[in-house]
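In what follows, every chain begins at residue 1, and chains take the letters A, B, ... in the order their sequences are listed. Scope of the values below: all heavy atoms of this structure, side chains included, with no hydrogens, waters or symmetry mates.
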Number of protein chains: 2
Amino acid sequence: MAPRKEVFEGVEWRIRVAADGSSEALVPATGLARKAWLGLKGLISGFALKVRMFVKKAWDVGTNDPRKVIHCIKVGLALAIVSVFYFMRPLYDGVGGNAMWAVMTVVVVFEPTVGATLYKCFNRVLGTFLAGFLAVGVHWVASQSGERVEPFVVGASVFLLASAATFSRLIPSVKSRFDYGALIFMLTFSFVAVSGYRVDKLFELAHHRISTIIIGSSLCILVIMLVCPIWSGQELHSLIVRNMDKLADSLDGCVTQYFYQSGEGTNSKEEATDNKLQGYKCVLSSKASEESMANFGSWEPSHGQFNFRHPWKQYLKIGASMRSCAYCIEALNSCIKSENQAAKLIKQHLGSGCLKVSSSSSNVIRELAETVKTMKKKSSTTDLLAEEMKSAVQGLQNDLKTIPHLLNPSAIPGNKTLETACSEATTPTVTLMELVPVVTLASILIEISGRIEALVDAVEELAKLADFGINDDKSKHSKMTDKTVSDAKKQTEGTMKALQRV
Amino acid sequence: MAPRKEVFEGVEWRIRVAADGSSEALVPATGLARKAWLGLKGLISGFALKVRMFVKKAWDVGTNDPRKVIHCIKVGLALAIVSVFYFMRPLYDGVGGNAMWAVMTVVVVFEPTVGATLYKCFNRVLGTFLAGFLAVGVHWVASQSGERVEPFVVGASVFLLASAATFSRLIPSVKSRFDYGALIFMLTFSFVAVSGYRVDKLFELAHHRISTIIIGSSLCILVIMLVCPIWSGQELHSLIVRNMDKLADSLDGCVTQYFYQSGEGTNSKEEATDNKLQGYKCVLSSKASEESMANFGSWEPSHGQFNFRHPWKQYLKIGASMRSCAYCIEALNSCIKSENQAAKLIKQHLGSGCLKVSSSSSNVIRELAETVKTMKKKSSTTDLLAEEMKSAVQGLQNDLKTIPHLLNPSAIPGNKTLETACSEATTPTVTLMELVPVVTLASILIEISGRIEALVDAVEELAKLADFGINDDKSKHSKMTDKTVSDAKKQTEGTMKALQRV
């Protein structure tokens, strides 16, 4: 924590020191007025700064995702339509003052995505229906039981049903699908049951409430689906593809940066890729949004490439699989920032192997992203790239086996021929401590490749469940992949050359 | 994915095979009636099973956390009280039919924790106030502008303000504090402004709405704070302490299990600790709940050991610091499950060092948990344990440096004295591949200890910010810690003996 600062702001003290050295009086040189003025000025400028910051933040929110602005306009539009509907008499004439429920429904059920809106509309209508019927029934029972007992029957039923509905909201399986419905159930039930004691036309009240809610919900559904719809499912799909690309970039970037680290003249490149390196953090933190999107996605009708019963839950498994890779990339990152610097010799020895594993692994992830994105069945390219990854892992393991040749001979007394083995290298020998970071990095890389295999399986299962199409544009696709592979090879070669220069 | 199962359920086919071996006809042996009966039976038993499962799940929810049941009873109680209030005339006489708003307020603002309820009450009252005043103003302007223009003025104001309020809900800083308030603002504004066109006593409507909402909110606040209150802040505090203990158990357990792994007769112990090992996963997945608890905690008044402005945000930093440790434990776990089995010799060589690091690290975490739990300033014990951890790390690094003695001499030709160095060991030499898992484990352990130091700093900052008391019960405390240290030593010694047996 920063030490507490003492602020002297424009107030000066004059100390009169007597001849005997004792101070006589402490008098502020400036009056209260100036102090107050300065305080006020500070307050105003502070407030102005806060407002400016807030406006900037709001502007950023709008410019970063213009769809958010569109969403706001949609909400305004839906509310204005329902208000006009209310003014122009048709709504008011039908249901009277209860027409307000249509306006309220629009306010509370309108969500940014189609799935979330459908979830709320369905829950609101269902909850209202159930509660309305039940409340009318309870009211009938209560009215039969005499005027004195009536409030107690109604009160007890409210107590019991409210407790039960609240409890149901705490059960995970109910919460994920019917949380809002249970709330609306409580709302409507207490509204209708309690009103029954004072309102004569109870049945009419229940009927009006249900019909206005249906009117409001229908309007919301129309607006949300017709004006620039945002689908939860589509969003989840894009998020997963985007996260896969980020994961591949991070993995690639981390390892490349590590083997470039001590090189000179690569700073600009490092800075440019710094954002890419941190991409895996998006994967780590997207669990909650994935889950809510998958939940809302299951409410959405067939749209775009997705059917009504698209296996959204499988996306969660893919997400979990990606997160398990991201945990390892986090550990990789810690190796890179480790204080124990690896010896250059070892870096050269293992660099090529590690780079091959990381580039082939990230190629597999990119190919999987392409599979999910295009919704085509796993092409033979994926198998090919996975095989390449496996052989790269094998190669790295072989490289690890040959390391002992490079170890410090001073630690192994009486060694004679080791010098000849290392005669080509500039730094002939290394200690085990200089070896540890690279060995750790290599073994985490091998672990990541294992986790990527699990990711391949998860994507394959998605392809089966969602019945992905056959990869018909093979020529175009394999051209793309060939390009990826050759790019990766070029990149690896470039890095190797740079390493030899180091 | 499991292969698609073809279900043959009670329907048999009779195949008549002619003398020449060709099959003649395929006829189902059972009629439609039996098929339908079987189908119905299946449906009913399936439904019964589902209901039983659901009841069991609900029962588990209740028994695992009885406070949830209490929460449900509280909701029922609050609703019953407000209903009775409505029946008994005082509420009805004051505000007439608008009394329903009090009932509705109770339904929607009652949340499980005090903080969440206060947040909703405050937002509801504030949003209603602002919107009420604004709507009355807009209504006055609209009524001055003539009957034909009036609907358009109201419609335009609804459109603009609803869009603006929706947009404000998308700005993170507003969302975290005033999301519900913005919703209520829209609700009340459209309610009052639109009603203004049809309702004569608009001011009275706004006044009634505000007073009923205040009545409902006050009742909720009374019930939530007086009947077995659950405080978000207290929950966050306990969650952090609990997660620290889980982290310590996982770290300890992982490393102990690894060095026990190939030992015999330890299965029962393994099973018993398996749950403990997975504890770090709770840390990984608790980010969202930590954030919401910290947010709601900031709404809570002084309670228990916590002041009104307790630094809840610092708990989030501690949580993040713990998660960064948990990522490494995830990587540790992957080492343990690695296919490359480490050589026993290396396990013996590094076992003691690794166990010392893991036990001293987890002791530091446990001590931090104790510091947070008791809210006492960091005792000298923490420094002592942290020093112990550092020296354990140093020891492990030294152990790593001496490994080359144990490496396979066949890889280092002409080595003569290596045999004497390894003469005590049963398996004299190991290959580097057998070394990799242990070296990786050791270097991740070293990384974890570094991250624990960051955790110590985060807890120290919390102690400063929250002005933790001085550790006055020193004797009791240090006795406790001495016990911890001696326990850990005993445990390490026990493990070492077991290792020598392996």
Legend entry - CZ-CG distance between B:F159 and A:L77, expressed to the nearest 0.5 angstrom: 6.5 Å

Inset, instruction - Would you give the length of the straight line joining atom CZ of B:F54 to atom NZ of B:K50, rounded to the nearest 0.5 angstrom? - result: 12.0 Å

Inset, instruction - First locate atom CZ of A:R67, then atom CG of B:L170, and finally report the distance between them rounded to the nearest 0.5 Å. - result: 11.5 Å

Inset, instruction - With a 4.5 angstrom heavy-atom cut-off, could you sort out which part of B:E330 is near chain A: side chain, backbone, both or neither? - result: both

Inset, instruction - Using non-hydrogen atoms and a 4.5 Å limit, figure out which bit of B:F110 sits close to chain A: side chain, backbone, both or neither. - result: neither

Legend entry - Greatest number of heavy atom pairs closer than 4.5 Å to chain A - which of B:C72, B:S168, B:A326, B:A78: B:C72

Legend entry - Interface residue of largest heavy-atom contact number with chain A, from B:S443, B:G155, B:A331, B:A162, under 4.5 Å: B:S443

Inset, instruction - Can you measure from CD1 (A:I448) to OH (A:Y327) and round to the nearest 0.5 angstrom? - result: 14.0 Å

Legend entry - Contacting region of A:K68 [heavy-atom separation from chain B under 4.5 Å]: both

Inset, instruction - Taking B:S289 for its side chain and B:S286 for its backbone only, find out whether a donor-acceptor pair lies under 3.5 Å. - result: yes

Legend entry - From CA spacing to verdict: side-chain contact (heavy atoms from CB on, under 4.5 Å), B:F167, A:V61: CA-CA 9 Å; B:F167 186 73; A:V61 167; 4.3 Å; yes

Legend entry - Straight-line distance of A:R169 CZ to A:Y180 OH, nearest 0.5 Å: 10.5 Å

Inset, instruction - Heavy-atom pairs under 4.5 Å with chain B are the metric here; pick the option from A:M104, A:M186, A:H71 that has the most. - result: A:M104

Legend entry - Contacting region of A:A58 [heavy-atom separation from chain B under 4.5 Å]: both

Inset, instruction - Check whether B:R451 gets within reach of chain A through its side chain, its backbone, both or neither, counting any heavy atom under 4.5 Å. - result: side chain

Legend entry - Max heavy-atom pair count under 4.5 Å with chain B, selected residue of A:V69, A:I444, A:D457, A:L284: A:L284

Inset, instruction - May I ask you to decide if A:A458's main-chain N or O and A:Q314's side chain share a donor-acceptor pair within less than 3.5 Å? - result: yes

Inset, instruction - Go through the atoms of A:L160 and report whether side chain, backbone, both or neither lie under 4.5 Å from a heavy atom of chain B. - result: neither

Inset, instruction - Would you mind checking which part of A:V174 comes under 4.5 Å of any heavy atom in chain B, side chain (CB onward), backbone (N, CA, C, O), both or neither? - result: side chain

Legend entry - Heavy-atom proximity to chain B below 4.5 Å, by part of A:S173: side chain

Inset, instruction - Sort out for me which of A:L161, A:I73, A:L183, A:L187 touches chain B most, counting heavy-atom pairs under 4.5 Å. - result: A:L187

Inset, instruction - Could you have a look at A:D65, A:L441, A:V158 and say which one has the most heavy-atom pairs with chain B under 4.5 angstrom? - result: A:V158

Legend entry - Qualifying residues under side chain to side chain donor-acceptor pair (under 3.5 Å), relative to A:S190, sequence neighbours excluded: none

